[in-house]
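Just below is one structure, and these are the notes that go with it.
Indexing begins at 1, ligand by ligand and atom by atom, following the structure's order. Numbers here simply count residues along the sequence, with the first being 1.
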Amino acid sequence: MSGIVFIISAPSGSGKTTLTAELRRVVPNLEFSISYTTRLPRGSEQTGREYFFITREEFKKMIGEDQFVEFAEVFDNYYGTARSFLREAFVRGNDVILDIDVQGAAQVKKRMPEAVSIFILPPSRQELESRLRRRTVAENAERSQLTGEEMPEEKVEAILQRRLQEASREIENYSQYDYILVNEKVEAAIDVLQAIVKAERVKRSPHPRDAEEERVLTAAELAERRHMMEKVQSILATFDFSSTRS
Ligand code: 5GP
């Protein structure tokens with residue numbers, strides 16, 4: 001029997017890492033797929049933990065051997081989800097979470113229409129900008145400690161603007177997802193994320209539903225795309241999409 005594939009996509013700065021780490025802590029029988037990537041490890045990242053870090057040649061060989069369920073080029077690097085990871089997780093009786101970009105999400109949905117997709121949105125452009133600014137400044141400080149070189153302010157600003165544009169571009173793809181989650185308050189967002197995972201399990205279970213399961217189904221339903229349109233529109237209104245279409 002096959003488990004459930006949950007796809008989570010979010011522009012950087014939407015708080016996805018915190019949410020998925022907490023989800024992993026609170027929900028049993030859920031494995032996070034460790035992707036293969038050609039990008040270099042950052043900070044304390046280790047191969048086999050955050051990613052399997054491989055060369056472009058190795059990645060291309062894996063493509064040739066049809067080892068990926070999906071792969072994409074993101075920020076000039078390849079990222080891919082291994083078929084073997086999904087197979088092994090299902091054999092262990094677990095469901096799987098894929099933290100992948102919008103291109104990968106579209107490929108998985110095409111091959112596995114029963115996969116459940118979730119898009120995480122920041123509450124507004126202003127909030128996204130301040131989160132990305134904090135991250136970019138912190139990365140610069142970390143880098144200058146390591147190398148003794150500080151990036152000029154204009155360069156930091158240019159990186160920030162590029163990230164904001166990329167995030168805006170990703171956000172425009174929200175409509176291909178089954179569920180939309182707005183990360184306003186972390187605790188509330190985790191509750192919704194947890195409800196979605198549990199509700200999808202309940203939907204596939206042959207057992208009669210109890211009161212808690214009905215509650216979870218209702219909570220998850222409120223995050224379905226069709227119920228989120230008004231909220232999404234108010235968030236999209238804070239973005240200037242004309243600058244991302246050039
Ligand atoms: P980062 O380099 O910051 O860890 O990730 C950059 C982007 O690549 C994120 O949007 C992340 O979701 C995406 N990503 C990570 N692994 C995969 C993967 O296996 N496939 C695809 N398509 N995207 C991935």
>> Below a 4.0 angstrom heavy-atom separation, can you tell me which part of Y36, side chain or backbone, both or neither, approaches ligand 1?
In response: neither
>> With a sphere of 6.0 Å drawn around CD of E153, does it hold more than 12 non-hydrogen atoms of other residues, nucleotides or ligands?
In response: no
>> So that I know where these two stand, are F68 and F59 an aromatic pair - ring centroids less than 6.0 Å apart?
In response: yes
> Any idea how Y78 and F71 line up, ring-wise: parallel (<30°), tilted (30 to 60°), or perpendicular (>60°)?
Replying inline: perpendicular
> Are any of the side-chain nitrogens in D76 or R39 under 4.0 Å away from the carboxylate oxygens of its partner?
Replying inline: no
> What protein heavy atom sits nearest atom 4 (O) of ligand 1, and how far off is it?
Replying inline: Y51 OH, 2.5 Å
Just distance, no hydrogens or angles: give the donor-acceptor pairs under 3.5 Å from side chains in residues 109-119, sequence neighbours left out.
| from | atom 1 | to | atom 2 | distance (Å) |
| --- | --- | --- | --- | --- |
| K109 | NZ | P113 | O | 3.4 |
| K109 | NZ | A115 | O | 2.6 |
| K109 | NZ | D178 | OD2 | 2.9 |
| R111 | NH1 | V69 | O | 2.3 |
| S117 | OG | D178 | N | 3.0 |
| S117 | OG | D178 | OD2 | 3.2 |

>> Under 4.0 Å, heavy-atom basis, I'd like to know which part of E170 is in contact with ligand 1: side chain, backbone, both or neither.
In response: neither
>> I need the atoms of ligand 1 closer than 4.0 Å to a non-hydrogen atom of R39, numbered in the order shown.
In response: 1 (P), 2 (O), 4 (O)
> Got the closest protein heavy atom to atom 2 (O) of ligand 1, with its distance?
Replying inline: Y79 OH, 2.4 Å
> How close does the nearest protein non-hydrogen atom get to atom 19 (O) of ligand 1, and which residue and atom is it?
Replying inline: S35 OG, 2.6 Å
>> Please compare R42, K16, E70, E166 and report which has the shortest non-hydrogen distance to atom 3 (O) of ligand 1.
In response: R42
> Going by the order shown, which atoms of ligand 1 are within less than 4.0 Å of some heavy atom of A72?
Replying inline: 22 (N)
> If two hydrophobic side chains count as joined below 4.5 Å and joins carry through other members, does V192 share a cluster with I235?
Replying inline: no
> Taking only heavy atoms of G104, which atoms of ligand 1 are found under 4.0 Å from at least one of them?
Replying inline: 22 (N)
> Other than L217, what residues sit in its cluster of Ile, Leu, Val, Met, Phe, Trp and Tyr side chains whose heavy atoms are under 4.5 Å apart, directly or through others?
Replying inline: V202
>> Just to be sure I'm reading this right: ignoring hydrogens, which of I8, V108, D99 gets closest to atom 14 (N) of ligand 1? Compare them by their nearest heavy atoms.
In response: D99
> For atom 23 (N) of ligand 1, which candidate among D101, T81, T17 provides the closest heavy atom?
Replying inline: D101
> What residue and heavy atom of the protein are closest to atom 7 (C) of ligand 1, and at what distance?
Replying inline: V74 CG1, 3.8 Å
>> Evaluate A10 for polar contact with ligand 1, using N/O atom pairs at a separation under 3.5 Å.
In response: no
>> Check this for me, if you would: do R134 and E129 make a salt bridge, where the nitrogen-to-carboxylate-oxygen distance has to be below 4.0 angstrom?
In response: no
>> I need the contact type for Q103 against ligand 1. Using non-hydrogen atoms and a strict under-4.0 Å cut-off, is it side chain, backbone, both or neither?
In response: neither
> Has Q145 got more than 12 heavy atoms of other residues, nucleotides or ligands less than 6.0 Å from its CD?
Replying inline: no
